[in-house]
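Note that ligands are numbered from 1 as they come in the structure, with each ligand's atoms numbered from 1 the same way. In this text the structure is predicted, and so the values were computed from the model without any measurement.
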Amino acid sequence: LVVDDHAALADNLREIVLELDAPRSRAVLDGARGEPRGPSRGAPRGAIEVDVVGRAEAALSIARERGFDVAIVDVKLPDESGVELLSRLREAVPGAEVILITGYATIDAAIAALRGGAFALLLKSFRPEELRSTVEQALAKVALRRERDLLERRYRALVEVADVIVVAVDREGAIALTNPKFGALAAVDSREARGRDLAESWIVGADRPRFREAVAAVAIEGSPREIEAVLVPDPTRPHERARIVRWHLSSERGDDDGGLVFAIGIDVTDRRALERRAADAEALSTMGTLALGLAHEIRNPLNAAVLQMHLLGRQVEREVQGSDARASMRDRVQIVVGEIKRLGRLLTEFLELARPRSIAREPVAIGELLGSVIELHQAEAQARGIATERTATAIAAPPVLGDREKLRQVFVNLFVNALDATPAGGTVRIDARSTDGRVVIDVEDDGSGIAEADLPRLFDPFFTTKAGGTGLGLSIVRKILEQHGGSIAIRSRVGGGTSVTVDLPAA
Ligand code: ADP
Ligand code: MG
């Protein structure tokens, strides 16, 4: 962009500059493709385009509309001083360079030019080669700066956008850099994270020593390592929003002591859960085939056995002499009948789990359903001294989409589990609320709670801690919720009660 009101001189400048080949680096040419950037738009590779204007005003409007790489500006213009224009041009096109030319150089003019960030100040007696080489250098500088910006932009985009965690730590394990994915999982923004100890602040205690050791080893040896460690927003609450992360640790190359260790983490939590679920599903379907085949074979003898026990019981009442002997035989018969009934229950629940059946999809008044579940067990709860409660929001909860009977089964199972865990004087409470398109239901008790070691096994078929339990309740619950596009989460503390949260699509 040539800015000079002396038309003949301006044309002269233009001619000189046009003889140049624009230096462009490969990276910039690549980057320019499909990426509109003022001056290069439509310009043939390596050719120079020159705009000539006589006034500051016109120069500025070109700068704003098309941009420029290098401007050659006469210090004395009709509408404004070239020194003033200089700073306005640099503001309009950051990254461009401005060369000032003047007929009478004073020290003051030179200082003002340099202050304003001019690339060079040329006296009007300059030789063509002088101008050419100055413009050439300015163009090279602009191209270099563009290349650097582009590479930086690309690297930053890579780190920011990639769906992996990126953290850089120094040898002591203090954070130097984090990306947004880390910020999201660790619940911290990058500025707050800087300087803090990664392992101490965000890796769960159990994994911390191993993680530290691996970072230290990579810092010293320089060869990369892989390690799995759990990342949490707050290690004092290791189960809240914990993510299983596979870390790739590598060290910055070619640095003697100031080198950083890069930890690139992939969140494998969901993958692990899926693998587990796939394994469960496989186990369930194998069992299903077996169970369906055996069901009748087992149920019939069981029914026969119960019948025989009833007959035996009556016979005992009729024929056994002595009330003590009779009472003890009566007890034994009762125990056998009880056990057979438990087996029957096991069979029914097992079949429920194994049998593939489609579910209805209709609006189900969940508030009412929860009420009927509580009512069904009201007498039992009362007898055991347990208070039950359905919150106002539960009563008013909007309908969910699903199968009424299946959903009843879900909440009966959860409610009975809660009753089982609660001692006399305790409370079981059901709450429900709706949030954007979903209905969230909580079944809470203040009972025994669940041991930490048991938490991962709750949904395993046959996992039970109860003498008379089948361990199938939660498996059934999860299966039904999966069919409904719902989910379940269990939070519990030993001695601190249990809260089961179910999430279902609203009708
Ligand atoms: P079951 O009730 O037959 O034992 P479930 O699958 O319903 O089988 O539950 C599995 C186990 O989960 C229970 O044995 C119990 O240890 C634990 N559990 C489930 N719900 C609760 C709860 N609300 N409080 C304490 N423990 C629970
Ligand atoms: Mg149960």
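Distances from ligand 1 to the non-hydrogen atoms of G449 include at least one value under 4.0 Å. Residue contact annotation: G447 has no non-hydrogen atom under 4.0 Å from ligand 1. For the pair D445 and ligand 1, a heavy-atom separation below 4.0 Å is found.
A side chain to side chain contact (heavy atoms under 4.5 Å, CB included) with F415 is found for one member of T388, L370, L376, V410 and no other, namely T388.
Scanning all heavy atoms of the two residues, the minimum distance from E228 to I244 falls at OE2-CG2, 3.6 Å.
Considering backbone and side-chain atoms alike, N413 places every N or O at 3.5 Å or more from each N or O of ligand 1. Where the criterion is an N or O separation shorter than 3.5 Å, residue side chain and backbone included, S475 fails it with respect to ligand 1. Polar contact with ligand 1: present for T465 (N/O pair, distance under 3.5 Å). Note: no N/O pair closer than 3.5 Å links G469 and ligand 1 by distance alone. The shortest N or O to N or O distance between A421 and ligand 1 is not below 3.5 Å.
For atom 5 (P) of ligand 1, the closest heavy atom belonging to the protein is L474 N, 3.6 Å. Among protein heavy atoms, the minimum distance from atom 11 (C) of ligand 1 is reached at F463 O, 4.0 Å. Distance from atom 8 (O) of ligand 1 to its nearest protein heavy atom, with residue and atom name: G471 CA, 3.3 Å. Of the protein's heavy atoms, L458 CD2, 3.8 Å lies nearest to atom 17 (C) of ligand 1. Nearest protein heavy-atom neighbour of atom 4 (O) of ligand 1: T464 OG1, 2.6 Å.
Taking backbone and side-chain atoms together, T464 has no N/O/S atom less than 2.8 Å away from the Mg ion (ligand 2).
When each atom of ligand 1 is checked for a heavy atom of K466 under 4.0 Å away, the hits are 1 (P), 2 (O), 4 (O), 13 (C), 14 (O). The distance from ligand 1 to the heavy atoms of T498 drops below 4.0 Å at these ligand atoms: 22 (C), 23 (N), 24 (N), 25 (C). Set against the non-hydrogen atoms of T470, the atoms of ligand 1 under 4.0 Å away are 3 (O). Short contacts between ligand 1 and A418, defined as distances under 4.0 Å to a heavy atom of the residue, involve ligand atoms 23 (N).
In this structure a side-chain-to-backbone donor-acceptor pair under 3.5 Å is present from R342 to G469. Without hydrogens or angle criteria, R90 side chain to G117 main chain gives a donor-acceptor distance under 3.5 Å. For N179 (side chain) and V166 (main-chain N/O), a donor-acceptor pair under 3.5 Å exists by modelled atom type. Of the possible polar contacts, none joining the D445 side chain to the T422 backbone as a donor-acceptor pair under 3.5 Å is found. For D460 (side chain) and F463 (main-chain N/O), no donor-acceptor pair under 3.5 Å exists by modelled atom type. For S434 (side chain) and P398 (main-chain N/O), no donor-acceptor pair under 3.5 Å exists by modelled atom type.
A donor and an acceptor atom, one from each side chain of D431 and T393, are located under 3.5 Å apart. Donor-acceptor pairing under 3.5 Å is recorded for the side chains of R408 and S372.
Of the listed residues (I476, I450, N417, V494), the one carrying the non-hydrogen atom nearest atom 27 (C) of ligand 1 is I450.
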For side-chain contact (heavy atoms from CB on, under 4.5 Å), just list the numbers for R212 and E200, CA-CA rounded to whole Å, side-chain angles, deciding distance to a tenth of an Å, and then say yes or no. CA-CA 9 Å; R212 279 220 172 97; E200 186 72 39; 3.0 Å; yes

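Within a 6.0 Å sphere centred on CD of E275, heavy atoms belonging to other residues, nucleotides or ligands number more than 12.
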